[in-house]
Amino acid sequence: MHLAFTEEQMMMRDMVRQFAESEIAPFIDNMEQGVFPHDIMKKMGNLGLMGITVPSAYGGAGMDFTSYILAINELSKVSAVVGVILSVHTSVGTNPILYFGTEEQKKKYVPQLASGQYLGAFCLTEPEAGSDAGALKTKAIKQDDHYVLNGAKVFITNGGEADVYIVFASTNPNRGSRGISAFIVEKDTPGFIVGKDEKKMGLHGSRTVQLTFENMKVPAENLLGNENEGFKIAMANLNIGRIGISAQSLGIAEAALEAATNYATERMQFSKPIAVNQGVGFKLADMATAVEAAKLLVYRAANLQSLGLPCGKEASMAKLFASKTAVQVSTEAIQVFGGYGYTEDYPVERYFRDAKVTEIYEGTSEIQRIVISKNI
Amino acid sequence: MNFQLSEEHQQLREMIRDFALNEVAPTAAERDEEERFDREIWEKMAELGLTGIPWPEEYGGAGFDFLAYAIAVEELSRVCASTGVTLSAHTSLAGWPIYKFGNEEQKQKYLRPMAEGKKIGAYCLTEPGSGSDAGGMKTTAKLDGDEYVLNGSKIFITNGGVADTYVVFAVTDPDSKHKGTSAFIVESSFPGFGVGKKEKKMGIRSSPTTEIIFDNCRVPKENLLGGEGEGFIIAMKTLDGGRNGIAAQAVGIAQGALDAATVYAKERVQFGKPIVANQGVSFKLADMATTIEASRLLTYNAAWLESNNLPYGKESAMAKLMAGDTAMSVTTEAVQIFGGYGYTKEYPVERYMRDAKITQIYEGTQEIQRLVISRMLTK
């Protein structure tokens, strides 16, 4: 056991921290107005942050998974939006091609994704297929040298902004989840229609859209993996995605704790800082303890993933605990700020709104509990 | 960064798990019922080298680290929290201050036999009028020739009566509050040393908790631990590490309860299926397992920091706070999963629940942990 970060990991953390403070923090207000952070993502590409774990042979930084998690953690302290864009882009936008793509597919798409020239997205969820991903209705029918896709997807993060989409569709409706295939779809494919932008309580600036495929022709060479292997591909990156979101949750919780601690130390009432009241000080202690525990769960799961060891239970525990902590800590942070916390003059109401989704996406907390209970 | 336990740590865990299952678990319920401390178990722990895990071999220890020690307390507590706290008080509260603040002579004379398990250690800080407010103690120590003369009484002393070596705190200078306290190594054989009332407790019943009375107890001058006036600092620093021992105990209790509840939930059939098939039960188990894992990581983290000579005061307070609360909530839920059976002594979960409560109280209450953490956050 050695619980300190390596020099390389700490350099990554410091670099990302500096970038987030100087480049992302000033853009928060724009994102809150709904502006997607295009330039920020391009700059992150230039810094190598869009392909942290991608091998250098495919244009990535070739760093370990823990470094990638550190990056999401640090970005999310300043902006949960940038955190989730990166998480989706990497874990489910890029990795499926890297892991299951042919050499040709990898050469064609991965360097562009790793450099940030392309943004990635993942299209699994449908109106009737959320946690029950195998129930999807989008169909892909093979015709000559292409597949024709018809159907609709919802809650697509990076939708409309991304250039490359990993799309799941049924190629054999009689086989349920074993009849699903994965496709690499480019944004400008005819029949690819970007629908309604969801109006969300949080994550403003991250686009979440509905997508419709109308007789969308996808070249046969864009089939990812074998036909009917799609479900395996969808599930293969679950742990990576969950650890990514647990790091996002951790970042939100850390930011809320820091804001509340600073405020409680400065805010004077009855001639003393409110932090010296046990009603406030003990709250901060509970928040800090939960944050510390979440951090250990997140980096333990990341460490197992880095080592290539099984981590399904540990990833689910990290996701379950860290997302719950993000919601609780951001809620308490507003309480510490009192009336000011309820206004947009302080960031804690944003942390609170951003936190809630971490208990929902990449597997709800209920799904995590199913995974954990099956593994004990 | 690497969260994997080393092979040595894993082997130690397996060895202690074996020992706990074969030698400690079989009599745990009976010792609890009879409020009986079993010296034989202690002797066997000594044979295995468990009584001096973190101390260097030159002082009779196993030369391991604080992580190994935390694992030992955890695994013992997983079957018997009383045995866990016996080791924790002996190691963290009595051995630690002698190791950190004792001179070479004191270490050879007192730490060595403790590490070898020939002697049992205890820690005397709390008094009837001074619990969390340790600075308010009334026991006095007055120098008389080559000896200090101690007068006063201490309460809630873990290992009281069965211990041979006591680290005792007393006021040497009543005029200066915290700086007027000193620490002493007191042998149970010293004249004027007496064991008072043994507490009847709801839990950790096979770990004796007694009053210790000093009636003109004469302690040789050379048994002063650290300098005169350094007692308060020694007491507080000792508690920092002691907290982690209790965190490990709490993790062990919670894990023991989860082990039992999981087996039961898979075996117990109602409405034609095991009760674990209901999310009302299985999600409870998932939450229990997750908070235990979080508590364990906090505990190992603090132990790792201490083993590497890094600051660990805040981390051990966090570990104790979360692990204590987790032990209480997990054992309560375990009784719930067992239903009516859980409320009976036929199953161990009611004992785990009774044992868990003390982890929220001793070595600094949860409220004191929150005070420690919040002060460190806002300073």
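In what follows, chains carry the letters A, B, and so on, assigned in the order in which the sequence lines appear, proteins first and then strands, with residues in each chain numbered from 1.
- More than 12 heavy atoms of other shown residues, nucleotides or ligands fall within 6.0 angstrom of atom CZ in A:F321.
- Under the 3.5 Å distance criterion, the side-chain polar atoms of A:N303 are matched with a main-chain donor or acceptor of B:F3.
- Residue A:I370 touches chain B through both its backbone and its side chain, counting heavy-atom pairs closer than 4.5 Å.
- B:Q4 is listed as a side-chain neighbour of A:L304, based on a closest heavy-atom distance under 4.5 Å.
- Summarising the geometry, atom CD belonging to B:E293 is positioned 6.0 Å from atom NZ belonging to A:K313; distances are rounded to the nearest 0.5 Å.
- Among residues 368-379 of chain B, the residues having any heavy atom closer than 4.5 Å to a heavy atom of chain A are, in sequence order, B:R370, B:L371, B:I373, B:S374, B:L377, B:T378.
- Ranked by heavy-atom pairs under 4.5 Å with chain A, the list B:D259, B:D287, B:N308 is led by B:D287.
- Heavy atoms closer than 4.5 Å to chain B are found nowhere in A:E314, neither backbone nor side chain.
- Only the side chain of B:K266 comes within contact range of chain A, with heavy atoms under 4.5 Å apart.
- For the side chain to side chain contact (heavy atoms under 4.5 Å, CB included) criterion with A:M1, the lone passing option out of B:L5, B:N2, B:N301 is B:L5.
- Contact check for B:M1 versus A:H2: no side-chain heavy atoms found under the 4.5 Å cut-off.
- Using a 4.5 Å cut-off between heavy atoms, A:Q278 contacts chain B through its side chain alone, with no backbone atom that close.
- Within 6.0 Å of the CD atom in A:E366, the count of heavy atoms belonging to other residues, nucleotides or ligands exceeds 12.
- Enclosure of atom CD in A:E258 is not indicated, since only 12 or fewer non-hydrogen atoms of other residues, nucleotides or ligands lie within 6.0 angstrom.
- Residue B:S282 touches chain A through both its backbone and its side chain, counting heavy-atom pairs closer than 4.5 Å.
- Using a 4.5 Å cut-off between heavy atoms, A:I376 contacts chain B through both its backbone and its side chain.
- Dense packing is recorded around CD of B:Q10, with more than 12 heavy atoms of other residues, nucleotides or ligands lying under 6.0 Å away.
- Counting only heavy atoms from C-beta outward, the side chains of A:T289 and B:L298 approach each other to under 4.5 Å.
- To the nearest 0.5 Å, the span separating OG1 on B:T290 from NZ on A:K324 amounts to 8.5 Å.
- For the atom pair CG (A:L297) and CZ (B:R296), the distance works out to 11.0 Å, reported to the nearest 0.5 Å.
- For the pair A:A290 and B:M322, the tightest heavy-atom approach, listed with the atom from each and the gap, is CA-CE, 4.0 Å.
- Atom CE of A:M11 has 12 or fewer heavy atoms from other residues, nucleotides or ligands within 6.0 Å.
- Residue contact with chain B, scored on non-hydrogen atoms closer than 4.5 Å, involves the backbone and the side chain of A:A288 alike.
- For the atom pair CE of B:M288 and OG of A:S373, the computed distance is 12.0 Å after rounding to the nearest 0.5 Å.
- Heavy-atom distances place both the backbone and the side chain of B:E367 under 4.5 Å from chain A.
- In this structure, chain A has a heavy atom under 4.5 Å from the side chain of B:L321, while its backbone stays farther away.
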